[in-house]
Amino acid sequence: MVSALKVSVAMLALAWTAIVQTAIAAEPVKLTVGYLHETKVIDIDKAPAGAIDDTVARKVAKDAGAPLPLGTIKAQDVAKAPK
């Protein structure tokens, strides 16, 4: 039987293939793999080379004539957050 956690890990890996990988986008993957290794869910401490493949995301953007990156996420000043 496949555990829900292993399915979640597989879904996370699949989701990352739809994101164009940059140094910033790769950091959450490194943290996630490190955490999963630390908690003994997986037995590797970093994703193998080529494990995260953004070929599909890049092809879709190219076919659509969309520039990459599509956008950026910028942190906002927490002091301006609603109370």
Side-chain angles (χ1 to χ4, degrees):
M1 178 191 291
V2 177
S3 72
L5 183 57
K6 287 185 180 180
V7 170
S8 296
V9 170
M11 290 175 67
L12 174 67
L14 181 60
W16 279 105
T17 64
I19 297 174
V20 174
Q21 295 302 305
T22 64
I24 293 170
E27 189 60 27
V29 174
K30 290 178 188 175
L31 292 172
T32 301
V33 171
Y35 170 76
L36 292 172
H37 174 69
E38 186 178 302
T39 57
K40 304 197 184 324
V41 174
I42 59 176
D43 61 356
I44 57 172
D45 62 347
K46 61 181 179 177
I52 308 300
D53 181 5
D54 64 358
T55 306
V56 172
R58 289 186 183 277
K59 180 168 181 3
V60 168
K62 181 180 178 183
D63 291 351
L68 291 175
L70 295 174
T72 57
I73 299 172
K74 296 181 181 179
Q76 300 297 308
D77 183 356
V78 73
K80 295 180 182 176
K83 307 260 187 272

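Each residue takes its place number in the sequence, starting with 1.
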### Query
Rounded to the nearest 0.5 Å, how far apart are CG of L36 and CG of D43?
11.5 Å
### Results of side-chain contact (heavy atoms from CB on, under 4.5 Å) for P48 - residues two or more places apart only
I44, A51
### Query
Looking at residues at least two apart in the chain, or sitting in another chain, which of them share a side-chain contact (heavy atoms from CB on, under 4.5 Å) with K80?
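Applying side-chain contact (heavy atoms from CB on, under 4.5 Å) to K80 gives D77.
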### Message
Tell me which pairs pass side chain to side chain donor-acceptor pair (under 3.5 Å) where either residue lies in residues 59-70, with sequence neighbours left out.
### Response
K59-D63
### Query
Which residue, V33, L31, T39, forms the side-chain contact (heavy atoms from CB on, under 4.5 Å) with Y35?
T39
